J.: 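Have a look at the structure that comes next, please.
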Amino acid sequence: MTVAQEDATIELCRSKLREFYEDFAHCLDTDRLEDFPDFFTEQARYRIIPRENYDAGLEHAPIYCAGRAMIHDRVVAIREAALYQPRSLRHFISGPRVLETLDDGSYRTMANFLIVESLLEVEPQILMVGQYFDEIERSGPMLRIRDRTCVYDNYRIRTTLVIPV
Amino acid sequence: MPQSKQDKNIERSWPKEGVIRVPAWIYSDPDIYARELETFHYGDTWNYVGLDCEIEPGGYKRSWVGERPVLVTRTEDGEIHVMENRCAHRGAMLCWKNSGKAKDITCPYHHWAYNLGGDLMGLPFLRGAGGKGGMPRDFDKSKHGLTKLRVARRGGSIWATYSDDVPPLDDYLGPEILERLDRLVSRRPLRLVGYSRQIVDSNWKLYWENSRDPYHATLMHPFLSTFGILRTDGDYDSVPLQEGRHEYTFSRYNPELRNSTSEASRQIKSIRSDLEMRDKEVVNSVVDEFQDGMMGAFQVFPTILVQQYFNCLVIRHIILKGPGKHELTWTYFGYADDDEQVRELRLKQSNLVGPAGFVSLEDSEMLALMQPVVESRPDAEQVIEMGGHGTEAQSTMMTENLIRAFYDFYRREMGL
């Protein structure tokens, strides 16, 4: 896997952040789910939450992972258990921004995402559109996500949500 | 020869075999669908509309009865009202947000204003302007309130009906449902955890049957058996109630089952002994808050399926969106006095059920693919013979008794 690397003494610039987000998207778009947990820290929180809940301060998230172990479990469940029709997903990530450098040297960042889903017998459709709100930290030469909240604007999930966002 | 779904030549009479056959036209015929709404949702039933923890005093939330949008309001003194979210003037939608605070409800179109009880309080230019226009002198505001539904509450749950004839809610639910509902919503004040909303391109009855079908559970949802949550060889009750109107299923979680094999477990291809969840809290009873080891689900016709997995408590509200479409609003809840540990467990275990649920995502996936096939052969018949031909309670998962019991009820109500 490729993860954006840089000297830990340099501020995270937007182009590096974009690279990191693109690597993340590439991992999912190429169906390398097994590599997905490596983008996160050991204690990372990862959740996919409707804007309705996020704006109202409601905690429920259709996918909620507390720690990389749960992110790994989600991948195993998709691979070994879940039954779903074949699909191709493409992530389009735009407008990455470094919002803030936190006291411990990590970063608060965000970006928009658009995911287009292609199924058999139907035209490609927008699976989900929304925003990532992230906290990213340096882990040696790598960047890792310690908190990702994927806030989706869709009022409803169409049929199912299988693959992480 | 295949016939189109528009073909009215198909005879609308139930197969002579009875409830062991279900004719496929009931899943797509627009006339049947319209009659279902009139008979059930707008007829002599109690429709679930929400939980009291969703609405602050002086606030509202939107819900649906059948296809109709309604408002559930709560006045400052705590009284709950349910009314159509439809201006009595010209039919405009009144509330555009899913929930909020409001002193009164003002239509955005012509500013007709209603109180939280649905009474028309005033309208602009009642007497016109400059001596011109205005409503007729005999216009009676008291006759132009919002269409109100009758309301009943049980614990934290709120129900509404258009009917003057339906029995009181407690009788409508019956003792078995009341026991199970009270266990979840009547003992402690509720706390709203949040929503997942899902749109599924299938007739609502396919979903209704699906949650009455323990036969498919361990076959189509490999997660259950793979991680030993539910096994066909565990204790299980499939119990129809009120001649098929409602039902409950019940199992006791048995942590030992995972390590055993049996004739039944060998028939389930998905059982694996090498797979383990790294985070065991998602699939284990960490905090047994009900002290009864019970897991299960129940259906209250025609609107909800209530389910508990460990500490994940959720109501699935089935909202009709046409013959070939329904929405599921999943309302996750807990209790006002939940501690940090339980709050976190509810969030973690809600990975199990919902639009991305480990043990539910296959349902909508399957049904959305099933609908066009079913529509392509409205003359075909489903075979419902697992567990025999009867509609009585059974203590096995290998049965379709709950589906037969449902159609026994359905046929009587629909006159089919």
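Because the structure is predicted, anything quoted here is derived from the model rather than measured. Throughout, a chain's letter reflects where its sequence line sits, starting with A, and its residues are numbered from 1.
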J.: Within residues 324-341 of chain B, which residues come under 4.5 Å of chain A, heavy atom to heavy atom?
T.: B:Glu327, B:Tyr332
J.: Are B:Gln349 and A:Tyr64 close enough that a side-chain donor and a side-chain acceptor fall under 3.5 Å?
T.: no
J.: Counting heavy-atom pairs closer than 4.5 Å to chain A, which one of B:Asp279, B:Asn98, B:Asn351 comes out on top?
T.: B:Asn351
J.: As an exercise: rank A:Gly57, A:Ala81, A:Gly67 by heavy-atom pairs under 4.5 Å with chain B and give me the winner.
T.: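 Of A:Gly57, A:Ala81, A:Gly67, A:Ala81 has the most heavy-atom pairs under 4.5 Å with chain B.
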J.: To the nearest 0.5 Å, what is the distance between CD1 (A:Ile78) and CZ (B:Phe223)?
T.: 11.0 Å
J.: Between B:Pro355, B:Ser350, B:Ser202, B:Gly357, who has the most heavy-atom pairs with chain A when the cutoff is under 4.5 Å?
T.: B:Pro355
J.: So does A:Gln43 have more than 12 non-hydrogen atoms from other groups sitting under 6.0 Å from CD?
T.: no
J.: Counting only heavy atoms not in B:Arg278 (residues, nucleotides, ligands), do more than 12 fall under 6.0 Å from its CZ?
T.: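 Result for CZ/B:Arg278: open.
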J.: Would you say CZ of A:Arg87 has more than 12 non-hydrogen atoms from neighbouring residues, nucleotides or ligands within 6.0 angstrom?
T.: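 Yes - once you tally the heavy atoms of other residues, nucleotides and ligands closer than 6.0 Å, there are more than 12.
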J.: Can you confirm whether A:Leu83 sits close enough to B:Glu365 that some side-chain heavy atom of one is under 4.5 Å from a side-chain heavy atom of the other?
T.: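 They are not in side-chain contact.
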J.: Is it true that atom CD of B:Glu56 has more than 12 heavy atoms of other residues, nucleotides or ligands lying nearer than 6.0 Å?
T.: no
J.: Which pairs of donor and acceptor atoms, one on a side chain in residues 310-321 of chain B, lie under 3.5 Å apart (sequence neighbours left out)?
T.:
| unit_1 | atom_1 | unit_2 | atom_2 | d |
| --- | --- | --- | --- | --- |
| B:Asn311 | ND2 | B:Val287 | O | 3.0 |
| B:Asn311 | ND2 | B:Glu289 | OE2 | 3.0 |
| B:Arg316 | NH1 | B:Tyr207 | OH | 2.6 |
| B:Arg316 | NH2 | B:Gln307 | OE1 | 2.3 |
| B:His317 | NE2 | B:Tyr48 | O | 3.4 |

J.: Residues in salt bridge (Lys or Arg N to Asp or Glu O under 4.0 Å) with B:Asp52, at least two apart?
T.: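 With neighbours one apart ignored, the set is empty.
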J.: Heavy-atom pairs under 4.5 Å with chain B - which of A:Leu58, A:Ile49, A:Ile48 has more of them than the others?
T.: A:Leu58
J.: Which residues in residues 189-201 of chain B have a heavy atom less than 4.5 Å from any heavy atom of chain A?
T.: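 Listed by number: B:Arg191, B:Leu192, B:Val193, B:Gly194, B:Tyr195, B:Ser196, B:Arg197, B:Gln198, B:Ile199.
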J.: Over all heavy atoms of both residues, which pair between B:Leu369 and A:Gln85 is shortest? Give the atoms and the distance, please.
T.: CD2-OE1, 3.6 Å
J.: Let me know if B:Arg343 has heavy atoms under 4.5 Å from chain A in its side chain, its backbone, both or neither.
T.: side chain
J.: Tell me whether the count of non-hydrogen atoms from other residues, nucleotides or ligands lying under 6.0 Å of CD1 in A:Ile126 goes above 12.
T.: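 No.
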J.: Can you confirm whether A:Thr160 sits close enough to B:Ser364 that some side-chain heavy atom of one is under 4.5 Å from a side-chain heavy atom of the other?
T.: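 Yes. Closest side-chain heavy atoms under 4.5 Å.
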J.: Who wins among B:Glu281, B:Met277, B:Met366, B:Arg346 for the most heavy-atom pairs under 4.5 Å with chain A?
T.: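 Top option by heavy-atom pairs under 4.5 Å: B:Met277.
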J.: At what distance, to the nearest 0.5 angstrom, does NZ of B:Lys280 lie from CG of A:Asp73?
T.: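 One finds 8.0 Å between NZ of B:Lys280 and CG of A:Asp73.
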